[in-house]
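For reference, the structure is listed below as structure tokens.
Side-chain atoms are counted along with the backbone in the values below, which use heavy atoms only and exclude waters and symmetry mates.
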Amino acid sequence: MPMPMPMPMRRLACLLLQPAQRFTARVSLAAQGISRSAMNLPPVLGRPALFFALAFAAAAAVAQSYPSKPVRIIVPLPPGAVDMTARYLCDKFPQSLGQPCIVENKPGAGSIVGMDYVAKAEPDGHTLVLAANNLPIIPSLYATLPFDVVKDLAPIALVSTIPGMIVAHTSFPAQSFQEFIAYVKANPGKVNYTSCGLASPQHLAGELLNSMAGMQMVHIPYKGCGPAEVDVLAGHVPIFISNIGRSMPLIRAGKVRGYAVTTAQRSRFAPEYPSVSESGFPGYDLDIWFGLLAPGRTPRAIVTRLNAEVNRVLALPDIRDRLLAQAYEPAGGTPEKFAEVIRADLERYGKVIREAGIKVE
């Protein structure tokens, strides 16, 4: 059985958790009352190795004591699909974490209010945010933000994704995706489309298609998917780019005509519809994702534990069934994988926004 960590060593380990303190190799072991024998360290272990040993011990202590109070998942949007996903996580977190989990909506300013709240929260893993992929969009829309998307938020895990889908009112003349492209190209600036909001991923999907196809659809902005859908069904706007979960029930009811999905591959939820990529636009790939993040200075040990917890929950059959029933693909993976998705989307969405000249009012 390993020897318990001596109290002086515990105090020294705690210093490593305080970002304002700088622990250097010049710290005197004798001044701390720590002997090599007390720490059971080999005689050849130098101060750099001691530093990492203490850091490891401190990180382990942090992970073991976490969480010490209820965990909150902030949803920076009004109640809807995102907080539904957050509640799936919260329902299962207490099983392993041993503390209650609370979902709290903090909408405002295109999600900036809620994300900023978490970016400035205590970095102890008790306040998290479930963000959608407008997270990598907003830096290209605003000259200044109250937080840095990369530095002030720590990716934990990608939670779920859902394909976008291009549909049209049944009165629109094009019967297929290829006919749709040909019609819009033959009528530049005369075909309107709508999405789930100005600078939403669905809006950018339309602008990316404009760019790649060399055509000119005109975006009509609405405040959300719901109002946009109402006017599409009424025939006021012919083209709608939404998500597959919203689109397929309308297609099955005969209210709209489906054209294509916006992901690189066909979707299991609508295998009869081609992807834009396979239809003559290789490299076209845009989906809608949701991911969990913590404040940027959250200790790595806590991020790692939360990542393991998210992956555990997503592997549960009942959670997978709930997500799939609403056309969401369970995701998961490492914090590094999620960080890579964010970095790639920052570049990709930024390019679309600049080229299309998209600006917020």
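- Under the ring pair (Phe, Tyr, Trp, His ring centres under 6.0 Å) criterion, Phe338 pairs with Trp289, sequence neighbours left out.
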Only distances under 3.5 Å count here; give the side-chain donor-acceptor pairs of residues 308-320 to other protein atoms, sequence neighbours excluded, each with its distance to 0.1 Å.
| residue | atom | partner | partner atom | Å |
| --- | --- | --- | --- | --- |
| Glu309 | OE1 | Ser96 | OG | 3.4 |
| Glu309 | OE1 | Arg312 | NE | 3.3 |
| Glu309 | OE2 | Arg312 | NE | 3.3 |
| Glu309 | OE2 | Arg312 | NH2 | 2.6 |
| Asn311 | OD1 | Gly333 | N | 2.9 |
| Asn311 | ND2 | Asn307 | O | 2.9 |
| Asn311 | ND2 | Asn307 | OD1 | 3.3 |
| Asn311 | ND2 | Gly333 | O | 3.1 |
| Arg312 | NE | Ser96 | OG | 3.1 |
| Arg312 | NH1 | Gln95 | OE1 | 3.3 |
| Arg312 | NH2 | Lys92 | O | 2.9 |
| Asp318 | OD2 | Lys92 | NZ | 2.8 |

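- Shown here are the side-chain contact (heavy atoms from CB on, under 4.5 Å) partners of Lys351, two or more places apart in sequence or in another chain: Arg354, Glu355.
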Would you give me the side-chain donor-acceptor pairs under 3.5 Å for residues 160-174, sequence neighbours excluded?
| residue | atom | partner | partner atom | Å |
| --- | --- | --- | --- | --- |
| His169 | ND1 | Ser171 | N | 3.1 |
| His169 | ND1 | Ser171 | OG | 2.7 |

Expected list for residues 137-145: side-chain donor-acceptor pairs under 3.5 angstrom, two or more places apart:
none

Do any side-chain atoms of residues 221-235 form donor-acceptor pairs under 3.5 angstrom with protein atoms, and if so which ones, sequence neighbours left out?
| residue | atom | partner | partner atom | Å |
| --- | --- | --- | --- | --- |
| Tyr222 | OH | Asp231 | OD2 | 2.4 |
| Glu229 | OE1 | Arg246 | NH1 | 2.8 |

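- Shown here are the side-chain contact (heavy atoms from CB on, under 4.5 Å) partners of Pro188, two or more places apart in sequence or in another chain: Gln216.
- Applying the ring-ring contact (aromatic ring centres under 6.0 Å, His included) rule to pairs touching residues 104-132 yields Tyr66-His126, sequence neighbours excluded.
- Within the structure, disulfide (SG to SG under 2.5 Å) pairs that include any residue of residues 309-358 do not occur (at least two apart or interchain).
- Sorted by first and then second residue, the ring-ring contact (aromatic ring centres under 6.0 Å, His included) pairs involving residues 247-268 (not counting sequence neighbours) are Phe180-Tyr259.
- Sorted by first and then second residue, the disulfide (SG to SG under 2.5 Å) pairs with a member in residues 315-346 form an empty list; sequence neighbours excluded.
- Counting only residues at least two apart or in different chains, ring-ring contact (aromatic ring centres under 6.0 Å, His included) contacts with residues 82-108 are absent.
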